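Heads up: the structure comes next, in structure tokens.
Counting from 1, the numbers follow the sequence of the chain as shown. Since we're looking at a predicted model, the values are computed, not measured.
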Amino acid sequence: MKRLSASPTTAMTAAYYTIVIAGMVTGLIGFVAAYTQTSTQPLAEIISPRAALTSLFSAMGLWAAIRGAPVWRVFFGVVIVISAAYSAIMGSPLAAWVPETLTQFAQPSVKAQVALLYGLVGVCVVFGISQDKRRYLWRISGPIIFVSGVVLSTLCYIGESYQLIAPHPMLASLASLLLSFYGVALWLGSHQQELPQPLPSIRALITASLSASVITILWFLLSLEAVSKLEADGVRAVTESAKSREMVSIENYRLMQRLVNRWQNISENDLRRLMEMDIIAYLNDIEQIESIMFLNRDGDLVWEETKPESGTRAMLIDDEDVQHWLEATERRGAVYIPTTSITDMQDPVIFLKLPLFRYNGAATESGGNLYGYVLTAFDFARLVNPVVQESDSPFKTYAHVQHDYLLHSTGGYTEIRRLEEFTGNYLFSYQRTMRVPLGLELTLRGFLTDTTELRRAANLYTLVVGGGWILCILLVISLENAAILRSQRAQLQFQASHDRLTGLANRTVLEEVLGMHCSRIADTDDELAVIFIDLDGFKPINDSLGLAVGDKLLIETSHRIQKLMKHGARLARFGGDEFVVIVPRLSKDTPITDLVNDILSSIAQPYLIDSYRLYITASIGITTTLESALDPKQLIQDADMAMYQAKRQGRNHYQFYTADISERFHVSVTIRNELQHVLEQNALQLFYQPILRSSDHAIVGVEALLRWQREDGSYVSPAEFIPLAEDSGQIIPIGSWVLQQACSDGVKLQEYGDFNVAVNLSSIQVHRANFIESLKHTLNITGFDASKLNLELTESILMEDSHQAIRILTALRAQGFSVSIDDFGTGFSSLSYLKSLPIDTLKIDRSFIQDVVGGKHDAAIASGIIAMAMQLNLNVVAEGVEEPEQVAFVEASGCDFMQGFYFAKPMPFSELVCFIQDYQPRKS
């Protein structure tokens, strides 16, 4: 058997054969289902035998056409055309010219327009696709049939439009779906270049047959279950309606019989008065009674009482059929529906006649004890009020009266139909004899009048089978392409387990291998180590010289490390510029640090790539199974944390993992998450510490200090969360909020004096491109004067980029801001920059002030900073002044300003206002 190559043609051929198999399976199963159906209801015929054979022959014709079997192709095509022509003629006005013997042969299963489309399929099958002109016939007819099938399928969702396709919703939806698929098959077949086309593989054919069979059987089972349930509901609806109406009839009969019994033994003098009282009560209390009449023993009307809103019913007594009924039921009770009330009045009435016998008078020869007749006229609509379930039921029940009239009560009026209106125009019909009092039998007929539920089920199940067939097609296509996919599988497996660039094992394989070693170590005394390597300075090379150079650098690095792998050690690329080494067995004779130092030394050697001589280093984290859990992910994670610790220690270094590192990371992550929550809740606070002039201790300004108070009342030190905020980028929204809040409070503070406000800035804020613009925007929206705002920066701004820092500070001074260097003396910056810095103030760190009394070195440093600042015409602020001796030292040293706990601790703005109002400066 010739195998198909993996190409678009292969997919088309596989899809074509799958559609053909689905059509065959549908025809076979449908034919069996049609002939094994025991129900005689049209509702149960979800597919007719002729429709099933049409599907089967269409599929077999398409099979013969692509397999190059002309005899069978023509045979099946002619059968399809004849069947379609018969259905089309029988569904058109031409049916009147067809001989009666042919019309009795079989009723059309689909409408004429659908039959013509199937006829077009048959024409295509007859001519085949062996030549170009015939190929064009398929190529044009395929889309036409497909689009027509889609349109017809859409009609199945629109009310009763399915009747334009077939009399049964199930058949309509299935026939439309098959048309769509046959249209696709014709279009696919028109693109086959050679005939006969080879069959798909045996596995593909079996899969297509089994899956199509399962899907189609599922459709038939679901459809049969739906119609069976609907049929049972119809039988139940008619039965319940009959029982309910029998009970109503009996109750009303007994009601009137009790009335007649009351009148039998009453005296003649009281009879008329009692009749009037009872009749008025009955007319008022019983809704369905329209009129009560009294006839003498000869059947002549004596009197009539009606409801005020009802007309007289006495004229019905003169009808010939009513007179005949009265004569036929002389001296007996009887029930009758006058024909005139149905045909002329369109308001059916039910007459209940009960004889009245009185025993207190003398009997006559002709009448015995008969006194007369009580004739009650009931309104049919109210008397035969539908049961509650019938209002929501798709079935309607009709009372069959007077030979050919069907009456349906809605409770308010009566629908009147002729029996011939339902002949051959229903999917379900069921009748039951309803017994009413006085021996009358009435036929109750039920019809399916609302097919909404049936249509929904049909559309849903058709979507299921259509989707199933599509999945079946895709499955067969995939099986046909399996051979070529199998040949590519080895390459794909290699790519899935190895890094494409370096050829090293990737992260997935790394974790698998590490997992196997962990399982082995769990049962032995061996130890293993995981080494996490991250290249230092790789990103600038990659960004500046291009990805091609970066890739070559990574390849060369992997080769260098790979050469160092001994004693079962395995190298993998973790991602980016990160590598991981697994050392499965640690040796006391060869410490792991020997391998790590070799790796550091090898990576640090120069790289000659293209025309560039490049240098990089690495930071390495190490963990062993003595420190970390026997879990692959945990081992890698711990080594990664140790690597980050090595980076913090200056890079080009290695660090062993310890529990302290993990704890620090955990605390860091916890604080970072809590900080984000605090930012979202706007829960940060600004405290203010007064700054005093040394000469008279007058308050000249305040420093804004950020505070974070937890829910338990404890405070998180800024030294803990500010560095984390800088690492995560959270410092930007924090800094913006601090500036805006401090400026807003500074505006309010001017009401109490001419005070400056000092705000600490992060170097990350200052180096942002739009920093000065955002600062000016904050002043604009708050109304705070730039000359009152003192921006405090640490020496770290100089350590990152001194030239850029000087440009930024110059721009700030040009905008009128005052600039201070905070914590001066702790940043290890060069004093040579101090002479060129555009700043106004130096703030001496509290660490120098704390020991100025007892420590001669601290006193000397503080005095030196103050003297140097005075020579440079800079203001000096001493921080951390807490003791009287420190105050005296600061004053004696000539320091301009000071702040500290000796004067006031940082406080909220409300407390600051009170402090300023109560504060009394020292008198000169």
Side-chain angles (χ1 to χ4, degrees), residues 679 682-693 699-708 718 722 725-726 729-794 796-798 801 804-823 837-843 874-875 877 896-897 899 906-913 915-916:
L679 285 174
N682 295 321
L684 292 175
Q685 305 176 55
L686 275 186
F687 279 30
Y688 297 90
Q689 187 175 37
I691 301 175
L692 293 83
R693 192 165 44 236
I699 300 174
V700 296
V702 295
E703 180 181 3
L705 300 170
L706 186 61
R707 292 294 182 264
W708 172 10
I722 291 298
E726 290 179 335
Q730 294 168 314
I731 193 65
I732 301 303
I734 292 175
S736 298
W737 176 83
V738 168
L739 273 172
Q740 184 169 347
Q741 186 64 42
C743 290
S744 298
D745 291 342
V747 172
K748 300 175 185 178
L749 198 61
Q750 300 307 307
E751 300 176 7
Y752 306 97
D754 187 18
F755 300 117
N756 294 329
V757 177
V759 178
N760 293 280
L761 297 179
S762 166
S763 61
I764 296 177
Q765 287 178 270
V766 176
H767 283 292
R768 286 179 71 89
N770 61 342
F771 167 67
I772 296 179
E773 288 76 10
S774 64
L775 186 58
K776 292 166 61 178
H777 176 69
T778 301
L779 294 178
N780 290 334
I781 63 175
T782 59
F784 194 54
D785 188 355
S787 64
K788 302 294 183 184
L789 182 61
N790 188 357
L791 304 176
E792 295 189 359
L793 305 171
T794 61
S796 61
I797 189 175
L798 300 174
D801 189 344
Q804 174 69 9
I806 291 173
R807 286 195 296 269
I808 294 173
L809 295 179
T810 302
L812 290 173
R813 290 285 300 278
Q815 296 294 330
F817 297 103
S818 176
V819 180
S820 301
I821 296 297
D822 195 15
D823 299 334
L837 284 178
I839 60 175
D840 302 286
T841 306
L842 287 181
K843 299 191 74 173
L874 298 176
N875 295 320
V877 179
D896 300 299
F897 307 99
Q899 67 184 97
M907 64 192 78
F909 183 77
S910 58
E911 296 181 14
L912 174 68
V913 171
F915 178 83
I916 291 174

Answer yes or no: is there a side-chain heavy-atom contact under 4.5 Å between [X] and [Y]?
X: Phe817; Y: Asn790; value: no
X: Leu793; Y: Val819; value: yes
X: Leu686; Y: Leu706; value: yes
X: Leu705; Y: Gln689; value: yes
X: Tyr688; Y: Asp745; value: yes
X: Glu911; Y: Phe687; value: no
X: Ile808; Y: Leu812; value: yes

Are the side chain of [X] and the backbone of [Y] linked by a donor-acceptor contact shorter than 3.5 Å?
X: Gln815; Y: Ala811; result: no
X: Arg813; Y: Ile839; result: yes
X: Asn756; Y: Leu789; result: no
X: Ser820; Y: Asp822; result: no

With respect to Tyr752, which candidate in Ile699, Val913, Leu912 satisfies the side chain to side chain contact (heavy atoms under 4.5 Å, CB included) definition?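 Passing option: Val913.
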
Identify the residue among Asp785, Val759, Thr782, Ile781 that makes a side chain to side chain contact (heavy atoms under 4.5 Å, CB included) with Cys743.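 Single side chain to side chain contact (heavy atoms under 4.5 Å, CB included) partner of Cys743 among Asp785, Val759, Thr782, Ile781: Thr782.
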
Rounded to the nearest 0.5 Å, what's the gap from [atom1] on [X] to [atom2] on [Y]? Could you check?
X: Phe909; Y: Gln741; atom1: CZ; atom2: CD; result: 9.0 Å
X: Gln765; Y: Leu791; atom1: CD; atom2: CG; result: 10.0 Å
X: Leu779; Y: Ser774; atom1: CG; atom2: OG; result: 10.0 Å
X: Gln899; Y: Lys843; atom1: CD; atom2: NZ; result: 4.0 Å
X: Phe897; Y: Thr841; atom1: CZ; atom2: OG1; result: 7.0 Å
X: Asn770; Y: Ile772; atom1: CG; atom2: CD1; result: 10.0 Å

Scan the side chains in residues 729-740 for donor-acceptor partners under 3.5 Å anywhere in the protein, sequence neighbours excluded, and list what turns up.
residue	atom	partner	partner atom	Å
Gln730	OE1	Ser728	OG	2.8
Gln730	NE2	Gln676	OE1	2.9
Ser736	OG	Ile732	O	3.0

Give me the atom names and distance for the closest heavy-atom approach of Phe915 to Pro690.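 That would be CE2-CG, 3.7 Å.
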
Considering non-hydrogen atoms only, spot the tightest contact between Trp708 and Leu684 and give its length.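 Where Trp708 meets Leu684 most closely, the heavy atoms are CB-CD2, 3.8 Å.
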
Mark yes when over 12 heavy atoms from residues, nucleotides or ligands other than Arg707 sit less than 6.0 Å from its CZ; otherwise mark no.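 More than 12 within 6.0 Å, yes.
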
What pairs with Asp754 under side-chain hydrogen bond (donor to acceptor under 3.5 Å, both in side chains), at least two apart in sequence or on another chain?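 Asp754: side-chain hydrogen bond (donor to acceptor under 3.5 Å, both in side chains) contacts with Lys788.
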
With sequence neighbours excluded, residues passing side-chain hydrogen bond (donor to acceptor under 3.5 Å, both in side chains) with Asn760: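 For Asn760, the residues satisfying side-chain hydrogen bond (donor to acceptor under 3.5 Å, both in side chains) (neighbours in sequence not counted) are Glu703.
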
